[in-house]
Structure formats: structure tokens, C-alpha cells
Amino acid sequence: MEFKEIIKAVAAENVKGDTGTEISMITDDSRKCVPGALFIAVKGFETDGHAYIGRAIENGASAIIYEDPAYCPENVPSAMTGDARRAIALAADCFYGHPSSKLKLVGITGTNGKTTTATMLYRTFTAMGYGCGLLSTIANYVGEKEYQTLNTTSDPVTINSLLAEMAAAGCTYCFMEVSSVGVQQERTAGLSFAGGIFSNLTHDHLDYHKTFAEYLRCKKMFFDSLPKTAFALTNIDDRNGRIMVQNTKARTITYSCRNAADHTCRIMEESFDGMLLRIDGREVWCRLIGGHNAYNLLAVYSAAVLLGADPEETLRIISGLKPVPGRLEYMRGSNGTTVVIDYAHTPDALENILRTLKDISRKHELITLFGCGGDRDRSKRPEMAEVAEKYSDRIFVTSDNPRTEDPEMIIAEIKAGFSPDGLKKTIFITDRETAIRTAIMTAPPGAVVLLAGKGHETYQIIGHEKRDFNEFEIVKNVLPSV
């Protein structure tokens, strides 16, 4: 592709040099530059890409797009943009041939439920015989081909390259998690969405957004950008559900587990084996549990119907869906102890899980083990303690991914959220594996032990090192006869 085509797509100015220069790749990482590369200088939060323009050229970059006129290069074709983050997204969309327009792309956003809803939609439409793609926290899929992922919403080049691969492979649908950070950083700019789904909005990512109002605004930006040809499916049981869609041009559809809506769901029965739901007047038994999963499955059903699927076939497929990795997965020992592993790492997510487990465990002891990630929103730490204390008979506070923070300091901030009575039933063990072993080995027969926060992750980040850490393997080694 010639440089001039990308210049046009991003509406760049101050164009210099040969615009007929062939571009064979796009990147914002100077280390990846080779002859034919277009380097786009993005001002990051820790480093400024403009400082690496020289390095990019040394490594072979054939063209540069920049934002700061002070860094205008003289010896390669270049152009200036007013927003480099948006430019790299639009450039990637152009370079890969506008791949999202060749698919029915559905974005799922909200604090909790994104991964489950996106994954269940992917599994549902795959079971219907369609070629599907998935862009999620756990992994990205092109058909059945899996790619590892680092972020909830990948960078624009990765997104568009995967969408292009999906289109080339004959995929019809793609289901994509859309994070507030991804929206704010313009990673979804230029994408053509067939629909958007809002799950809920609770306390999270305030280390990045600083205020809840800004967090909400970034989520809402996604719906504001949807075209009139798309649908906007929103959970009206969340107090922000109607706010999300108040300015959208898309067709608004509502869903609810408590109120009148376009699509409704009620839980009829529930146990560890699953729950009986009544969705739009039809009963279906599913293998997932918890009120939060009732919302997730209702969103899946509603979106599927909006995309043209047969309601009865959709319910049939939903009844056979298995839990998403690391989301309310459980193992039961020979002594009746049940260990549940879940990714819950926000106060609301933890409360949803604990409320469900409290109802199911009934008279048996409920033990909660959790920690909080380092270098992340610190204000939610005492709130996590309050939630755990409310529902748990015993509590173990430990490390999550401490990253560059002192894990003892993280635990101290969690500890501040407990009442004197809460502290009496709480044990603080910094080493997570030791805490897990202790929680399981001291659990009475029939107890339910929740390991919250890690879920599908098979690592622990300590400092800048990512160490192998698989909770499922630890549990198998400790829980009797597993």
C-alpha cells in the first residue's frame, strides 16, 4: 500500500517526501521497524514515541506520522496528525482493507461480564455453524485458531490484523471485549460495529480514569460512536444502563432480570450443577450459576436474536454452554469441600460471586481468599474487605499480582476495610500458594472455598517478573482425591 492512501485515511497534514512510498507494516514501536515500515509516534503515558523517531529511521522505517511539529523528520516521507492514537487506528483499518466492515462485529463493554458474554456469543454462533472470531481478555480466536492476548482490548494494529484474518478465513461474526481504556485510547477508532452490549458499571480502573464520571464517559463514548445501522443492547437494571445509550444513534434494545424490558430473565432454581432460567417466557437449564451469569446469558440470548438467530435454537445451545475458564469454575474433594476459582477482582464482582455461593452453600462454611493487584486502583482495596466480611465465615487475605508494590503494603490497605469483628475471622498470609493450601487444608468437610482474583491467569506478576502460578494445579495437589 502506498503512503498516500494512509495519509488520506488519517487526514494527515504537512505532508513531505514521496507519498508513493510503499508501506508494508504499521507500528508505534521503533524496535519493530524494518524497511517498508510506517512508524507512528504516539505520546504514551511513560514514554513519548517522538523521542524514538530517529531510532525508527535507523532501523529502516520508510515513513513517519507524528503529532508534535518539533519532531518533523527531514530525511523520510512524513505527515503530521492532530491525534496520533486515532491515526494509528485509522491507518491500521485502511492498511488491512477495512476488515471490520466485512464482518458482523459486536462489542461488549461494562465493568463485569465482558469476557463471559463475548466468549458465550462466540461459542453460540460457532455451534450454529458460523465461522466466528473472538477478541477477549483470555484469548483471541480466528475460527478455532487461538492467539494469546495481553490486554482486554488489543492495540489497533493487532485488532485489525486479526479482523482481516477472520474475514479471509470466511468468518461471519466477531465478538469483541471493549474496555474503557481501549475506547479512551482510540483503539477501536475506525471499526464498523454491528452492535454494542452494555453489562454494568461499577468500581474499577480508577487508577487510570481517576474519577467514576470519567470512567462512565469513556464507556459511553463507545455507544455514542455506534452507527444508526447498529443495535445498542443495554442492561436497564444497572443505574447507568439508560445513560449509556441516551445519545446513541443505534437502535436501543433493553434487557433485565428484575424489570419490564425487551428481553427478560428470571432464575427459577439454582445449585452448583447449574440453574433453571426463564428467558422471555421459555425455560432453559444452563450449566452456569449465579445472578450475574443470568445477566450474561440473557445478553447472549438477546444479542443472538438481534443478529437473526432462532430463539429456540439459541436456548438449546445456551443450555449446553460450559463456564468460561476462570469464571466460577469449581472442584469438589472427596470430603465434600468445594473450591471455586473466579477472576472476581472488583468489589461488585466479588459480591456477586459471594452472594451466589452463600445461597448455594446454605449451612456450610464459606471461606474467601482474595488479594488486590499492585499498581492499580488502590481505593477499592478496603471495599473488597468490606464485601468479603459481609458474606464470609472465614477470610484469607493474600497477594494477587503485587507488581512493583510491596505486597505487605497492599494487604495493609485491604486490612483497613475490616471491622474489629471482621479482623477476628481473617488470616493474613502474603504468599498466595501458602494461603491457598492453608485455606483448603483447614476447611471443614462440606465447606466452600472461593479463590478470587486470578481466575484464568496461570502466572503471578511480582516486580516486573511474570512467574508461573496455576491455582488449578495447586488445588489439585491439596484437595483430597481430585
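Count residues from 1 along the sequence.
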Phe198 and Phe222: aromatic ring centres closer than 6.0 Å? no
With a 4.0 Å cut-off on N to O distance, would you call Glu186 and Arg86 a salt bridge? yes
Using every non-hydrogen atom in the two residues, find where Ala230 and Ala250 come nearest and quote the distance to one decimal. O-CB, 3.3 Å
One thing to verify: whether Arg403 and Glu405 come together as a salt bridge, which I'm taking to mean a side-chain N less than 4.0 angstrom from a carboxylate O. no
Tell me whether Tyr52 at atom OH has more than 12 heavy atoms from other residues, nucleotides or ligands lying less than 6.0 Å away. no
Between Thr202 (side chain) and Asp348 (backbone), is there a donor-acceptor pair under 3.5 Å? no
Check Lys114 against Thr109 and note the closest heavy-atom contact, atom names and distance. CD-CA, 3.7 Å
Going from CG on Leu297 to NE2 on His292, what distance comes out if it is rounded to the nearest 0.5 angstrom? 9.5 Å
Rounded at 0.5 Å granularity, tell me how far OG1 in Thr248 sits from CG in Leu226. 4.5 Å
Heavy-atom side-chain proximity of Thr115 to Glu177 below 4.5 angstrom: yes
Between Asp342 and Leu328 (side chain of the first, backbone of the second, donor and acceptor by atom type, cut-off under 3.5 Å), is there such a pair? yes
Examine the side chains of Thr254 and Asp262 and answer whether a donor and an acceptor come within less than 3.5 Å of each other. yes
Residue pair Ile236, Tyr255: steps toward the side chain to side chain contact (heavy atoms under 4.5 Å, CB included) verdict: CA-CA 6 Å; Ile236 58 169; Tyr255 69 100; over 6 Å; no
Any Asn401 side-chain heavy atom under 4.5 Å of Glu457 side chain: yes
Salt bridge (charged side-chain N to carboxylate O under 4.0 Å, His left out) between Glu67 and Arg85: does it pass, once the steps are laid out? CA-CA 9 Å; Glu67 189 175 309; Arg85 289 188 181 279; over 6 Å; no
Heavy-atom side-chain proximity of Cys257 to Cys265 below 4.5 angstrom: yes
For the pair Arg378 (side chain) and Ile410 (backbone), establish whether a donor and an acceptor sit closer than 3.5 Å, ignoring hydrogens and angles. no
Side-chain donor/acceptor of Thr264 to backbone N/O of Ala261, under 3.5 Å: no
Could you walk me through whether Ile6 and Leu38 pass the side chain to side chain contact (heavy atoms under 4.5 Å, CB included) test, one step at a time? CA-CA 10 Å; Ile6 296 175; Leu38 166 61; 3.8 Å; yes
Locate the shortest heavy-atom distance separating Ser179 from Gly182; write the atom from each residue and the value. OG-N, 2.9 Å
Show the nearest heavy-atom pair for residues His456 and Pro325, with the distance to one decimal. CB-O, 3.6 Å
Min side-chain heavy-atom separation Leu369-Leu450 under 4.5 Å: no
Hey, does the Lys NZ or Arg CZ of Lys104 hover above the aromatic six-ring of Tyr130, less than 6.0 Å from the centre and inside 45° of the axis? no
With rounding to the nearest 0.5 angstrom, report the CE to CD distance, Met221 to Gln184. 7.0 Å
Heavy-atom donor-acceptor pair, Asn293 side chain to Asn296 backbone, under 3.5 Å: no
Heavy atoms of Ala232 and Val245 approach each other most closely as CB-CG1, 3.9 Å
Report yes if the side chains of Asn160 and Leu191 come closer than 4.5 Å at any heavy-atom pair, otherwise no. yes
Is there a donor in the side chain of Tyr215 and an acceptor in the side chain of Thr111, or the other way round, less than 3.5 Å apart? yes
Donor-acceptor contact below 3.5 Å, side chain Thr21 vs main chain Asp18: yes
Could you report the tightest heavy-atom contact between Pro156 and Ala92, atom names first, then the distance? O-CB, 3.8 Å
Around atom CZ of Arg242, are there more than 12 heavy atoms from other residues, nucleotides or ligands closer than 6.0 Å? no
Kindly compute the distance separating CG (Leu163) from OH (Tyr96), expressed to the nearest 0.5 Å. 10.5 Å
Counting C-beta onward and ignoring hydrogens, is there a side-chain heavy-atom pair between Pro407 and Thr430 closer than 4.5 Å? yes
Any chance CG of Asp468 has more than 12 other-residue heavy atoms, nucleotides or ligands included, within less than 6.0 Å? no
Measure centre to centre between the rings of Phe125 and Tyr173, then say whether the value is under 6.0 Å. yes
Yes or no on salt bridge (charged side-chain N to carboxylate O under 4.0 Å, His left out) for Lys380 and Glu383, after CA distance, side-chain angles and deciding distance? CA-CA 5 Å; Lys380 70 182 180 183; Glu383 294 182 20; over 6 Å; no
Would you say the side-chain atoms of Ser199 and Asn235 include a donor-acceptor pair closer than 3.5 Å? no
Less than 3.5 Å apart, any donor N or O on the side chain of Asn14 or Tyr66 sitting next to an acceptor on the other? yes
Are any of the side-chain heavy atoms of Thr124 and Met128 separated by less than 4.5 Å? yes
What distance do Thr458 atom OG1 and Asn470 atom CG have between them, rounded to the nearest 0.5 Å? 6.0 Å
Using a 4.5 Å cut-off on heavy atoms from C-beta on, say whether the side chain of Leu201 contacts that of Met244. yes
Interatomic distance, Ser225 atom OG to Lys220 atom NZ [nearest 0.5 angstrom]: 10.5 Å
Could you tell me whether the side chains of Asn259 and Asp237 share a donor-acceptor contact shorter than 3.5 Å? yes
Please check if the side chain of Lys219 supplies one atom and the backbone of Gly110 the other of a donor-acceptor pair under 3.5 Å. yes
For Lys43, look at atom NZ and say whether over 12 heavy atoms of other residues, nucleotides or ligands are found less than 6.0 Å away. yes
Where do Ile23 and Glu2 land on the side chain to side chain contact (heavy atoms under 4.5 Å, CB included) test, with the steps shown first? CA-CA 6 Å; Ile23 300 301; Glu2 294 184 346; over 6 Å; no
For Gln460 and Lys466, what are the C-alpha separation, side-chain angles and deciding distance, and is it a side chain to side chain contact (heavy atoms under 4.5 Å, CB included)? CA-CA 6 Å; Gln460 190 174 31; Lys466 183 181 282 189; over 6 Å; no
Just do the salt bridge (charged side-chain N to carboxylate O under 4.0 Å, His left out) check on Arg31 and Asp29 with the steps written out, would you? CA-CA 5 Å; Arg31 296 167 296 183; Asp29 187 340; 3.0 Å; yes
Does the separation of the ring centres of Tyr343 and His345 fall below 6.0 angstrom? yes
Look at atom CD of Glu13 and say whether more than 12 heavy atoms of other residues, nucleotides or ligands are closer to it than 6.0 Å. no
In terms of side-chain geometry, is the basic nitrogen of Lys8 or Glu5 positioned less than 4.0 Å from the acidic oxygen of its partner? no
Quick check, are the ring centers of Tyr141 and Tyr147 under 6.0 angstrom apart? no
Check the orientation of His263 and Tyr301. Use parallel for under 30°, tilted for 30 to 60°, and perpendicular for over 60°. perpendicular
Between Glu329 and Gly326, is there a donor-acceptor pair closer than 3.5 Å when you use the side chain of the first and the backbone of the second? yes
If we ignore hydrogens and angles and just use 3.5 Å, is the side chain of Asp48 paired with the main-chain N or O of Gly44 as donor and acceptor? no
When you measure from the side chain of Thr126 to the backbone of Tyr122, do you find a donor-acceptor pair of N or O atoms at a distance under 3.5 Å? yes
